[in-house]
Each structure stands twice: as structure tokens, then as C-alpha cells.
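Heads up: the structure comes next, in C-alpha cells.
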Amino acid sequence: MLYIGVDLGTSAVKLLLMNEKGGIEKIVSREYPIYFPQAGWSQQNPEDWYRETIAGIKELVSECDKSQVAGISFGGQMHGLVILDKEDNVIRPAILWNDGRTYKECDYLNNVIGKDKLSEYTANISFTGFTAPKVLWIKNNEPENFAKIEKIMLPKDYIAYMLSGVHCTDVSDASGMLLFDVKNKCWSKEMLDICGIKESQMAKIFESYETVGTLKADVAAELGLSTSVKIVAGAGDNAAAAVGTGTVGDGNCNISLGTSGTIFISSKKFGVDANNALHAFAHADGAYHLMGCMLSAASCNKWWMDDIIGTDAYAEEQKKITKLGENHVYFLPYLMGERSPHNDPNARGCFIGMTMDTSRADMTQAVLEGVAFALRDSLEVARSLGIKIERTKICGGGAKSPLWKKMIANIMNLKVDVIASEEGPAYGGAMLAAVANGEFASVEDAAAKLVKVIDTVEPTPELVAKYEERYQKFKKIYPAVKALFPEIA
């Protein structure tokens, strides 16, 4: 049988066709526009997503036996707000995860309603990217649109709805709305009341591997597929990517060195740290996960290479770095503010420790180490909850650097596993579709059989000790300069 994974990203939809053995048959990508009507605003038209998804599926299955396609599932950009009226028309463009217009609403939620109450209701506090403050922004600024709302959706769930006719969401994506009681996996009545919305406007909740419905007859006819094709709930992009890297079950970890950086820890038990430094979300495997998200990771290296020293010879620059654990220069990687664990939009990047003998290689090394140190900040929060991590998977563009992987292994004192195929949320979505169709007994079973480790970077005691000393100094820098950031931001 064949399974389709749909990764609804911010710039494009990526579609992947997987066979029952986990082999990738074909990958298709189709772009759509993003709109910035005002500074700090970020919007897309849901109709664009659906149009390109349909076109992408047609291209994806054009050369296969269409009768073998058994399921479609999703990974998708999280937090975006899609609202429909009684006629199922999109009321306004979707407000995306990276839209910053809701700072007043976030201030209200965190400081008037209170972070303690938000954490009690949802296991999280408010960020400008989350969905609940977007709902409040519509209520406060577009009351005529707020009054029309019949259905509230997340981006990938709009596609699932258009394919199946079922108003659905999954537990992992719902966790990032600030409307969801993560511990009990249900909508938070208190948060719905705060936002002035009814539970009838919210989607039916599914586990990520559960079937929500089947392909509608008209859509099936357009695609040339059977009406028996299962539409499976899917997951938010980070949870779907974690499935694709085998980061499921208890105490498994994945580090992503993409434009932003994440450390994703799967857990059988629900847990929240005292300061809500990490996101506490439901996971696509039926349990939970903690996630630390830093806003600038590989983008720090790109900024340093492209914009500051002006070179595209990334590997050549890294060859000049020879003395790990001995650099006297430190770098705070907060070029766009920071989320985990500081939750400080005013934080900024800075170098400290330069002397007359500081070299270009020292500065490059500091950038790479700074990102790794900042990821360790989130790891330490997880460790404070009693979570024991001994190894991690790694993915993202930055993971192509052998040097950066070595730094990660020794700064975090973790074994770093490299997997054979990294296709992100699309592969995770296809795996979830296969689980729903009974190809595998569970998400953990699918991960165990399909995700293969091809290399492991081991930490060495001598280098771990050197980096431990440096990390203890690094973690003192942000508290020392924090008060300056609001003045210079």
C-alpha cells in the first residue's frame, strides 16, 4: 500500500509518497505566497494551501497505481488561525505562527489573566505566535469578523477538513493554541470563556494516528483516488518531524539545527517546569513531549557567514577551528529575541571576551558554540524535571556540519545519532497514515522499524570537561546583560 504525507510549511507544501516498507517513492513541493500587510504581520490565504496541496497530490500519484493509496496524513505549521463562516467560507487570511501583532493580547493574558492561571489551564503561557491571542486580536480589532466565526481551525486541519468534511484537529497541534488542556487532552473551558468562544466552534480532537474520516467523493474523483482513502489527523510540524526521526516513547530526544533550533524530548508522563521555560505539549505517539525552541540557530551561522564576513565557504571556515573547548570568545545567539528558556523578545545577540589576538576563526567558533550552549539551557530545564537523556537524534541544515555535531555531543554530553533519511514532517505524516491503516501496531513500532541510525558522534570525557567549564561561564552572561536589552532593543 501507499501513504501520503503532507507537510504544510510556511513557504511551500511538501508532499511525500511512502510505501508500506517505509521506502520513499516520490516527493513533490509546491510554493505559495506569504503576505506582510503591515510591519510584524504575517498572513496567508488558506485557499492557496488547498489549491497547491491538491495540485501536489495529483503530481505525486501521477505515476503510481492509485488504487494502492490507502491514507493521507499531515504535519503542518503550528499556531496559525483559520476561521470559517456558516457557509464554510474563509472569513479572512490566516494569521500565521510568526505574526507579531498580538503583543497587547499576550500582555493581557500573561499579566492580567496571569501566567499561573494559563499554565494551570493549558500547561503553557502566552506567546505572540500562539492561537488564543490571535482570537482575542480578532475580537478586539475585527469584531465584524469575530461575529461571523462558525469554525476555528489550524492550518493543516483546514486541509484535512477540505479533504474529509470533518472539522478535526490532533492533540499535538491543539497543544500550541493556548486553548487546550494538554494534561487532560480536551478544550479548556476557562480559556474558551476568556476568548469569548464556544466549544461548538472548536474542532473534534483526535490522537495523531487516528482516522478522522475518508476522502470526500468529489475530491476523490478529482484526484483519481478511492473514497476509502483514510484521512488521518496528523500532527504539528515538530511532533510530525519527531515521528519521522523516531523521537517517540519515553526519554527520547531530537535536536533540530534549522533556521530556528529546537530540542524535543518525548515522555510517557505529563510534566511542566516551574517557569514554563519549555513548551509542554501532547505528542503524536499518544503521550507527551517537552520542547525548547530558540528563535535563531543555523540562521546565526548564516548571518555570520553571509552578512558579516561575506563568504559562502562554510566548510572552509570551519576547517580553521582546531581548539575545541578553549575559545575565549562567547556569543549570545539571540538575534531575533529568544523564546526558550528566557521568553525575552528584547534579548539580542552579542559577542563578549574578544582581545587583540581574537581571530576570525574564534568568532566563527563562538557562533557555533553559542547556539549549542543555548540549546543546552533548555536541556538543563528538562533535566531539572528528572528526565534523563543520554543520546539524541539530530536533524536540520546545521546537522550537515561534522564540527557542529561534535560540539553538540560534547557541550551537552550526549551521544548524537545521525539517521539515514531525514524528510521531516512529511515522512512523519506518512508514517502516521500507515499506523492508522494497520501497517504498524503503534507509532513507536513504526519508528522502530523505519528509522535507521547510520552514525553516532560520541562525546569524549576530556572535551566534555572543558565545555562544562565554559558552559558555566556562558550561562552567567544573559543574566548579567538582561537589563540592558530593553534599552537597546
Side-chain angles (χ1 to χ4, degrees), residues 74-81 97 109 115 118-134 154-157 168-188 191 202-203 205-210 233-245 247-256 260-295 339-341 343 378-379 381-382 385 387 389 424-425 428-429 432 443-444 447:
F74 313 88
Q77 50 167 299
M78 297 178 69
H79 314 304
L81 176 64
W97 64 274
L109 289 169
K115 292 180 180 180
L118 296 185
S119 185
E120 176 188 344
Y121 300 153
T122 73
N124 295 279
I125 59 176
S126 187
F127 296 89
T128 55
F130 280 11
T131 316
K134 294 180 174 70
L154 292 162
K156 77 172 193 338
D157 300 329
C168 59
T169 192
D170 83 283
V171 295
S172 73
D173 215 357
S175 295
M177 296 181 78
L178 205 69
L179 296 168
F180 189 67
D181 178 344
V182 174
K183 182 178 182 180
N184 297 302
K185 296 186 178 180
C186 62
W187 296 117
S188 165
M191 287 305 301
M202 305 305 296
I205 299 162
F206 293 85
E207 293 287 352
S208 298
Y209 50 82
E210 289 183 329
D237 51 7
N238 287 299
V243 171
T245 61
T247 311
V248 296
D250 200 38
N252 285 308
C253 181
N254 181 62
I255 290 171
S256 174
S260 59
T262 58
I263 179 166
F264 186 110
I265 300 168
S266 59
S267 176
K268 291 289 188 185
K269 296 180 181 178
F270 171 79
V272 181
D273 67 274
N275 298 311
N276 293 102
L278 304 182
H279 300 318
F281 289 172
H283 193 10
D285 63 359
Y288 298 95
H289 74 264
L290 292 171
M291 185 174 70
C293 177
M294 57 184 299
L295 297 179
R339 187 175 289 187
S340 303
N343 189 22
S378 289
L379 177 64
V381 175
L385 297 174
I387 297 172
I389 306 295
L432 292 169
V443 177
E444 287 184 64

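The first residue of the sequence shown is numbered 1, and numbering continues consecutively from there. Since the structure is predicted, the reported quantities are computational estimates derived from the model, not experimental observations.
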Closest non-hydrogen atom pair between [X] and [Y], with its separation:
X      : Y      : result
Leu179 : Ala132 : CD2-CB, 3.8 Å
Ser378 : Gly292 : OG-CA, 3.8 Å
Leu295 : Arg339 : CG-N, 4.0 Å
Ser266 : Gly249 : OG-O, 2.9 Å
His283 : Val171 : O-CG2, 3.9 Å
Ala284 : Tyr209 : O-CD2, 3.5 Å

Report the distance from atom [atom1] of [X] to atom [atom2] of [Y], rounding to the nearest 0.5 Å.
X      : Y      : atom1 : atom2 : answer
Cys186 : Met202 : SG    : CE    : 11.5 Å
Asn238 : Thr262 : CG    : OG1   : 5.0 Å
Asn343 : Leu278 : CG    : CG    : 11.5 Å
Thr247 : Ile263 : OG1   : CD1   : 10.5 Å
Leu109 : Leu178 : CG    : CG    : 6.5 Å
Asn276 : Ser126 : CG    : OG    : 11.0 Å

For the pair [X] (side chain) and [Y] (backbone), establish whether a donor and an acceptor sit closer than 3.5 Å, ignoring hydrogens and angles.
X      : Y      : answer
Asn124 : His279 : no
Lys185 : Gly286 : yes
Ser175 : Val182 : no
Ser119 : Lys115 : no
Lys156 : Gln77  : no
Ser267 : His289 : no
Ser340 : Cys293 : yes

* Listed by chain and number, what are the ring-ring contact (aromatic ring centres under 6.0 Å, His included) partners of Tyr288, not counting sequence neighbours? ->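 If we apply the ring-ring contact (aromatic ring centres under 6.0 Å, His included) test to Tyr288, skipping adjacent residues, the hits are Phe270.
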
* With sequence neighbours left out, what residues match His79 under ring-ring contact (aromatic ring centres under 6.0 Å, His included)? ->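 Once residues adjacent in sequence are excluded, the partners of His79 under the ring-ring contact (aromatic ring centres under 6.0 Å, His included) criterion are Phe130.
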
* Working for side chain to side chain contact (heavy atoms under 4.5 Å, CB included), residues Met78 and Asp237 -> CA-CA 7 Å; Met78 297 178 69; Asp237 51 7; 3.5 Å; yes

* **Stepwise side chain to side chain contact (heavy atoms under 4.5 Å, CB included) check, Thr169 with Ile205** => CA-CA 5 Å; Thr169 192; Ile205 299 162; 4.3 Å; yes

* Compare all side-chain heavy atoms of Asp250 with those of Lys269 and state whether any distance is below 4.5 angstrom. =>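 No; the side chains remain at least 4.5 Å from each other.
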
* To do: Check whether any side-chain heavy atom of Phe206 lies under 4.5 Å from a side-chain heavy atom of Asp157, and answer yes or no.
  =>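 With C-beta onward as the side chain, the pair stays apart.
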
* Asked: Mind checking what makes salt bridge (Lys or Arg N to Asp or Glu O under 4.0 Å) contact with Lys268, not counting sequence neighbours?
  ->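 Here the qualifying residues are Glu444.
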
* Derivation and outcome, side chain to side chain contact (heavy atoms under 4.5 Å, CB included), residues Asp285 and Val243 -> CA-CA 8 Å; Asp285 63 359; Val243 171; 5.8 Å; no

* Between Phe74 and Asp173, is a side chain to side chain contact (heavy atoms under 4.5 Å, CB included) present by the stated rule, with each step listed? -> CA-CA 11 Å; Phe74 313 88; Asp173 215 357; over 6 Å; no

* Count the heavy atoms belonging to other residues, nucleotides or ligands that lie under 6.0 Å from NZ of Lys183, then report whether that count exceeds 12. =>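 Open: at most 12 neighbouring heavy atoms sit under 6.0 Å from NZ of Lys183.
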
* **Residues Ser172 and Asp170: side-chain donor-acceptor under 3.5 angstrom** =>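 A pair is found: one side chain offers a donor N or O, the other an acceptor, under 3.5 Å apart.
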
